[in-house]
Amino acid sequence: MKQVVYIANSEDKNIEVWNLHDNGSMNLIQKIVTDGNIQPIKIIQNKNLLYAGIFPNNKIVTYFIKNNGLLEKKHESSIPGKANYISFDENKKFLFCSSYHSNCISVSPLNQHGIPQDPIQIIHNIEGCHAAKINYKYNLLFVMALKEDAIYLYYLTNFGILKSTEQKILHTRKKSGPRHIAFHPNQDFIYTINELNGTIDTWKIYKKDNIIKIKNIQNINLLKNQILEHYWSSDIHLTSCGRFLYATDRLLNIISLFHINQNDNKIIFFKSYQTEEQPRSFHINTNDTYLIVAGEKSHTFIIYSISNRTGELKKLKTYNTSRQPVWILTHQLD
């Protein structure tokens with residue numbers, strides 16, 4: 001299985017492409033320049049397309065992923081505001097782009113070649129709009145409003161228009177700042193990381209009287225038995241097996257490992273690791289064997305192997321990147 005890793009480096013305005021070998025070693029194979037600072041990147045696997053959010057000339061650049069993983073620029077599309085997060089619906093017909101600085105989320109149709117068209121909807125006044133991700137099972141888009149301590153909920157219609165759910169909004173704790181989100185593989189449980197108070201919320205989706213409901217079932221700190229005054233928590237991901245959850249904090253320079261209870265899907269703190277400086281983004285490869293963390297301030301990334309039994313991380317090697325790596329993705333080639 002051939003895998004590559006894409007790293008978006010904002011200050012140096014480029015995307016690096018690295019080979020990820022089966023033994024965990026890596027080598028740089030391409031550095032493609034972007035005509036602006038880059039932030040989020042996202043891939044549509046079956047179309048071999050990578051999308052990159054570029055600013056200050058706010059746009060989405062679409063790249064074709066070649067058989068060897070190298071990138072080739074295909075198209076540029078304008079978006080309303082600086083991109084902070086990119087995601088897609090299940091059928092890959094619509095692209096969702098949230099803008100923290102413009103406090104909005106936009107919906108752009110994708111044509112038959114996967115190229116984003118002009119937005120058909122822009123929802124404004126979502127303060128600190130951050131991650132926006134759709135739950136495929138319930139056709140429900142979760143939109144983080146970091147500055148409101150809230151998560152907005154929308155149904156996606158067949159025409160790509162978002163409409164509010166009956167519940168409309170989830171409220172997190174005051175001054176928590178919900179930032180990123182991850183779904184359990186069964187899609188019935190959601191985990192959101194709070195940037196400002198260093199906690200993770202666990203939510204359960206269920207149906208009552210044929211109406212979808214969501215309730216909070218847990219709030220847990222990134223560090224065991226420690227509550228600090230300041231946090232700057234960033235990213236959250238689960239292994240595809242649904243047994244392990246990882247989360248990072250940029251102020252503490254840590255990545256924490258949680259075990260997921262197989263009965264109620266709540267998370268249990270297991271261990272915390274010191275990692276690269278300002279770990280803004282990390283990613284887990286397709287078969288849950290490696291986890292890679294990018295240090296936004298150290299201009300490095302570190303690759304860990306993942307224990308299949310306990311989820312524990314073992315540091316393999318640190319690599320230098322271009323300046324300010326802010327987003328990292330792994331990709332399995334056909």
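Residue numbers start at 1 and run along the sequence shown.
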Legend entry - Main-chain N/O of P116 paired with S77 side-chain donor or acceptor, under 3.5 Å: yes

Inset, instruction - Find out whether Y155 and I212 are in side-chain contact, i.e. whether some heavy atom of one side chain is under 4.5 Å from a heavy atom of the other. - result: yes

Legend entry - Note: K213-E166 ion pair, threshold 4.0 Å (strictly below): no

Inset, instruction - Fit a plane to each ring of F244 and H259, take the angle between them on a 0 to 90° scale, and name the class: parallel (under 30°), tilted (30 to 60°) or perpendicular (over 60°). - result: tilted

Inset, instruction - Could you tell me whether a side-chain N or O of H299 sits under 3.5 Å from a main-chain N or O of T321, the two making a donor and an acceptor? - result: no

Inset, instruction - Establish, from distance only, whether the side-chain atoms of S98 and N84 form a donor-acceptor pair under 3.5 Å. - result: no

Legend entry - Short N-O contact, E127 and K147, less than 4.0 angstrom: no

Legend entry - Expected output: side-chain Q117 to main-chain I115 donor-acceptor under 3.5 Å: yes

Inset, instruction - List the steps and the verdict of side-chain hydrogen bond (donor to acceptor under 3.5 Å, both in side chains) for E276 and T300. - result: CA-CA 7 Å; E276 299 305 277; T300 55; 2.4 Å; yes

Inset, instruction - For K204, look at atom NZ and say whether over 12 heavy atoms of other residues, nucleotides or ligands are found less than 6.0 Å away. - result: no

Legend entry - Cluster link I267 to L238, ILVMFWY, side chain under 4.5 Å: yes

Inset, instruction - Given side-chain contact (heavy atoms from CB on, under 4.5 Å), test V107 with I161 step by step and report yes or no. - result: CA-CA 8 Å; V107 183; I161 299 298; over 6 Å; no

Inset, instruction - Give a yes or no on whether the backbone of Q274 and the side-chain of N253 come within a donor-acceptor separation of less than 3.5 Å. - result: no

Inset, instruction - For the residue pair L170 and T192, establish whether any side-chain heavy-atom pair is separated by less than 4.5 Å. - result: no

Legend entry - Counterpart residues, side chain to side chain contact (heavy atoms under 4.5 Å, CB included), relative to E229 (two or more places apart): none

Inset, instruction - Check whether any side-chain N or O of S256 sits under 3.5 Å from a backbone N or O of L222 as a donor-acceptor pair, and report yes or no. - result: yes

Legend entry - Within-4.5 Å side-chain heavy-atom neighbours: I44 and L110: yes

Inset, instruction - Report the C-alpha distance between F94 and I120 in whole Å, list the side-chain angles of each, state the deciding distance to 0.1 Å, and finish with yes or no for side-chain contact (heavy atoms from CB on, under 4.5 Å). - result: CA-CA 10 Å; F94 302 101; I120 55 172; 4.2 Å; yes

Legend entry - Between Y304 and T275: side-chain donor-acceptor atoms closer than 3.5 Å: yes

Inset, instruction - Group every Ile, Leu, Val, Met, Phe, Trp and Tyr by side-chain heavy-atom contacts under 4.5 Å, then state whether L28 and I292 land in the same group. - result: yes

Inset, instruction - Answer with yes or no whether the hydrophobic clustering places L329 together with I15; edges join I, L, V, M, F, W, Y residues whose side-chain heavy atoms lie under 4.5 Å apart. - result: yes

Legend entry - Aromatic ring proximity, centroids under 6.0 angstrom, F258 and F269: yes

Inset, instruction - Test E195 against W232 for side-chain contact (heavy atoms from CB on, under 4.5 Å), laying out the working first. - result: CA-CA 5 Å; E195 178 174 313; W232 199 21; 3.4 Å; yes

Could you list the donor-acceptor pairs under 3.5 angstrom formed between side-chain atoms of residues 130-145 and any protein atom two or more places apart in sequence or on another chain?
unit_1	atom_1	unit_2	atom_2	d
H130	NE2	R179	NH1	3.1
N135	OD1	K137	N	3.2
N135	OD1	Y138	N	3.1
N135	ND2	Q187	O	2.9
Y136	OH	K92	NZ	3.4
K137	NZ	D188	OD1	2.9
K137	NZ	D188	OD2	3.1
Y138	OH	D188	OD1	2.6
N139	ND2	L156	O	2.6

Inset, instruction - Could you check whether the rings of F282 and Y246 sit parallel, tilted or perpendicular, using 30° and 60° as the cut-offs? - result: perpendicular

Inset, instruction - Please check if Y51 and I65 belong to a single hydrophobic cluster, counting links between Ile, Leu, Val, Met, Phe, Trp and Tyr side chain heavy atoms closer than 4.5 Å. - result: no

Inset, instruction - Examine distances only and state if a side-chain atom of R280 and a backbone atom of K297 form a donor-acceptor pair shorter than 3.5 Å. - result: no

Legend entry - side-chain hydrogen bond (donor to acceptor under 3.5 Å, both in side chains) between H184 and N186, worked out: CA-CA 5 Å; H184 191 279; N186 67 22; 3.2 Å; yes

Legend entry - Side-chain donor or acceptor of N111 paired with backbone N/O of G114 under 3.5 Å: yes

Legend entry - E312 and R309: CA distance, side-chain angles, deciding distance, salt bridge (charged side-chain N to carboxylate O under 4.0 Å, His left out) verdict: CA-CA 8 Å; E312 289 181 272; R309 189 173 61 85; 5.2 Å; no

Legend entry - Expected output: side-chain Y273 to main-chain L313 donor-acceptor under 3.5 Å: yes

Inset, instruction - Look at the aromatic rings of H331 and Y6 and report parallel, tilted or perpendicular, splitting at 30° and 60°. - result: tilted

Inset, instruction - Show your working on side-chain contact (heavy atoms from CB on, under 4.5 Å) between D249 and L223 and close with a plain yes or no. - result: CA-CA 10 Å; D249 187 281; L223 288 170; over 6 Å; no

Would you list the atom pairs, donor with acceptor, under 3.5 Å between side chains in residues 29-36 and any protein atom, with sequence neighbours excluded?
unit_1	atom_1	unit_2	atom_2	d
Q30	OE1	L71	N	2.7
Q30	NE2	L71	O	3.1
T34	OG1	K13	O	3.1
T34	OG1	G36	O	2.9
D35	OD1	K59	NZ	3.2
D35	OD2	K59	NZ	2.9

Inset, instruction - Using the six-membered ring of F88, assess whether NZ or CZ of K42 lies under 6.0 Å from its centre and within 45 degrees of the ring axis. - result: no

Inset, instruction - Answer yes if the side chains of Q3 and Q332 hold a donor-acceptor pair under 3.5 Å, and no otherwise. - result: no

Inset, instruction - Side-chain contact test, heavy atoms from C-beta onward, threshold under 4.5 Å: evaluate it for L333 versus N68 and give yes or no. - result: no

Legend entry - Shared hydrophobic cluster for F301 and V5 (ILVMFWY, side-chain gaps under 4.5 Å): yes

Inset, instruction - Begin from the C-alpha positions of D288 and S240 and carry the test side-chain hydrogen bond (donor to acceptor under 3.5 Å, both in side chains) through to its verdict. - result: CA-CA 7 Å; D288 297 338; S240 60; 2.8 Å; yes

Inset, instruction - Go through the steps to decide whether N197 and S176 satisfy the test side-chain hydrogen bond (donor to acceptor under 3.5 Å, both in side chains), and finish with yes or no. - result: CA-CA 5 Å; N197 73 354; S176 58; 4.8 Å; no

Inset, instruction - Tell me yes or no: between the side chains of H21 and N23, is some donor less than 3.5 Å from an acceptor? - result: no

Legend entry - Side-chain H-bond candidate by donor/acceptor type, H75 with T62, under 3.5 Å: no

Inset, instruction - Give a yes or no on whether the backbone of I41 and the side-chain of W327 come within a donor-acceptor separation of less than 3.5 Å. - result: yes

Legend entry - N19 side chain vs V4 backbone, donor-acceptor pair below 3.5 Å: no

